[in-house]
Amino acid sequence: MIENSEQSEESPAKRLESRMQKVSLVVSLASLALMCFGLIDMLFSGDSFSLPGIAVVALQRLISLHPAPLGLALASAGVLLLGLLPAIRVLLAAWLYVRSRNLFSTMVAVVVLLELLLSLRLGS
Amino acid sequence: MITILLLLGIGLLAGILGALLGLGGGIFLVPLLTLIFHLPIRVAVGTSLVGVIATSAGVAAFAPRGRGGDVELALRLEMATTAGAIGGGLLAGAFSSRVLHVLFAVIVFISAGYTLYKGRSGQNKSVQEPLFRENYQPRNWPAGLSAAGLAGMVSGLLGVGGGFIKVPIMYALMNVPLGVATATSNFMVGITAAASVFVYYGRGDIYPMVVVPTAMGVFLGAVSAVYFLRRIGTVWVRKALVVLLILLGVYMLVAGLNH
């Protein structure tokens, strides 16, 4: 009961910070673990360590589960997951602003997300 | 094995400095990776973008309560920064490399001068300035947003995250405490880097053998910086920022004049 009343008294900014911290921790550790296992597998499967080495697996091949060396696929998935983290954080902020009916901040977060999509489109 | 450790070490250094000063770390990674490992610039930039996101993630995941940056301020400024970055990216082809380098140096010198001036005027106050405080109110929004848009345009023109402009804007122009400004800038540079990283991924410029040890080092460095930031004062962070800005400005000016 006490814990619930404390949570309900928490300001939206503190709640957002707390959720963002949890999401950042889980996603970044998961992506680093994927990258680390991928690199270890690449090294133990006999790939010589020369820089820059082999490039990441293309997104289409990764999504369609096209056969690719396991280590390279794991490392590529880890990089993609880490790359998605900032967008996930903006999405989370937008969602929490919607829930706390903060219209102005929701619009700001949505504009940033749209700009991110536009820059991706222009970049590709 | 030595190469992996060296990449990890470079990442660690970039992560500590990048997170401590709110720069993301890309500004150190690109020259180090090209100079030491002779990697092509596109591979170095792709690796650096993943590194910047790792810095941003490390700070966000391990910052103590109330020190993770001001998300609302970050998103409002990022609106102008991303729009400026898109405009800058489209304009980049219109300027010569020499002009871009000199422009970079001028903006860096202005940032360093203003931060130094702001710090000196603060020294006259009898109470020592805290790195973090909650009861601040960002001010000069029109000027701050215009400067953030300009910072984004410079980022788009010069291919950098722009943390070295964002921190002085928030600290010196908008009255945001230096610790909050660096943490907020770390959040913002992550978003800016995310906009470009998939382009580099799609082009095949990301190489796991380079990216994985570097990103792990950067992440560990960023987490260590969160620990350091609790123990050092504003004066040291400000001094490091000014020294770094001056060195960077001189380097870019010389590079520009030699083009």
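Residue numbering restarts at 1 for every chain, and letters A, B, ... go by the order of the sequence lines. Since the structure is predicted, the reported quantities are computational estimates derived from the model, not experimental observations. The analysis underlying the following values was restricted to heavy atoms, covering all of them including side chains, and did not include hydrogens, waters or symmetry mates.
- Only the side chain of Leu85(A) comes within contact range of chain B, with heavy atoms under 4.5 Å apart.
- Under the side chain to side chain donor-acceptor pair (under 3.5 Å) criterion, Ser56(B) pairs with Arg89(A), not counting sequence neighbours.
- Heavy atoms only, all atoms of each residue included: Gly204(B) and Ala55(A) are closest at O-CB, 3.6 Å.
- Residues Met35(A) and Met216(B) fail the side-chain proximity criterion, which asks for heavy atoms closer than 4.5 Å.
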Kindly list each side-chain donor-acceptor pair under 3.5 angstrom involving residues 48-55 of chain B, sequence neighbours excluded, with atom names and distances?
unit_1   : atom_1 : unit_2   : atom_2 : d
Thr55(B) : OG1    : Gly24(B) : O      : 2.7
Thr55(B) : OG1    : Gly51(B) : O      : 3.0

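- Note that CE of Met209(B) is 4.0 Å distant from CE of Met42(A), once rounded to the nearest 0.5 Å.
- Contacts between Leu39(B) and chain A at a heavy-atom distance below 4.5 Å involve the side chain alone, from C-beta outward.
- Within the 4.5 angstrom heavy-atom criterion, atoms from both the backbone and the side chain of Leu84(A) approach chain B.
- Summarising the geometry of Gly83(A) relative to Val197(B), their closest heavy-atom pair is CA-CG1, 4.2 Å, with the distance given to 0.1 Å.
- Side-chain atoms of Gln21(A) come within 3.5 Å of backbone atoms of Ala61(B) as a donor-acceptor pair (strictly under, hydrogens ignored).
- For chain B, the nearby part of Ala75(A) is the side chain; its heavy atoms alone come within less than 4.5 Å.
- The residue among Leu80(A), Leu25(A), Val27(A) with the most heavy atom pairs within less than 4.5 Å of chain B is Leu80(A).
- When the candidates Pro40(B), Ala57(B), Ala83(B), Pro208(B) are compared by the number of heavy-atom contacts under 4.5 Å with chain A, Pro208(B) comes out ahead.
- In this structure, CD1 in Ile4(B) is found 5.5 Å from CG in Leu39(A), a value given to the nearest 0.5 Å.
- Two residues are said to be in side-chain contact when any heavy atoms from C-beta on lie closer than 4.5 Å; Phe219(B) and Leu32(A) meet this criterion.
- You'll find the side chain of Asp205(B) stays beyond 4.5 Å of the side chain of Val56(A), heavy atoms only.
- Considering only heavy-atom pairs separated by less than 4.5 Å from chain B, the leading option among Val111(A), Val57(A), Val112(A), Leu114(A) is Val112(A).
- Here the side chains of Tyr201(B) and Ser76(A) are in contact, with some heavy-atom distance below 4.5 Å.
- Heavy atoms closer than 4.5 Å to chain B are found in the side chain of Val79(A), but not in its backbone.
- Legend: salt bridge (Lys or Arg N to Asp or Glu O under 4.0 Å) pairs involving residues 74-89 of chain B, not counting sequence neighbours, sorted by first then second residue: Glu72(B)-Arg76(B).
- Within residues 94-104 of chain A, the residues having any heavy atom under 4.5 Å from a heavy atom of chain B are, by residue number, Tyr97(A), Asn102(A), Phe104(A).
- Side chains of Leu75(B) and Ser105(A) form no contact here, defined as non-hydrogen atoms less than 4.5 Å apart.
- Open room surrounds CZ on Phe37(A); 12 or fewer heavy atoms of other groups in view lie less than 6.0 Å from it.
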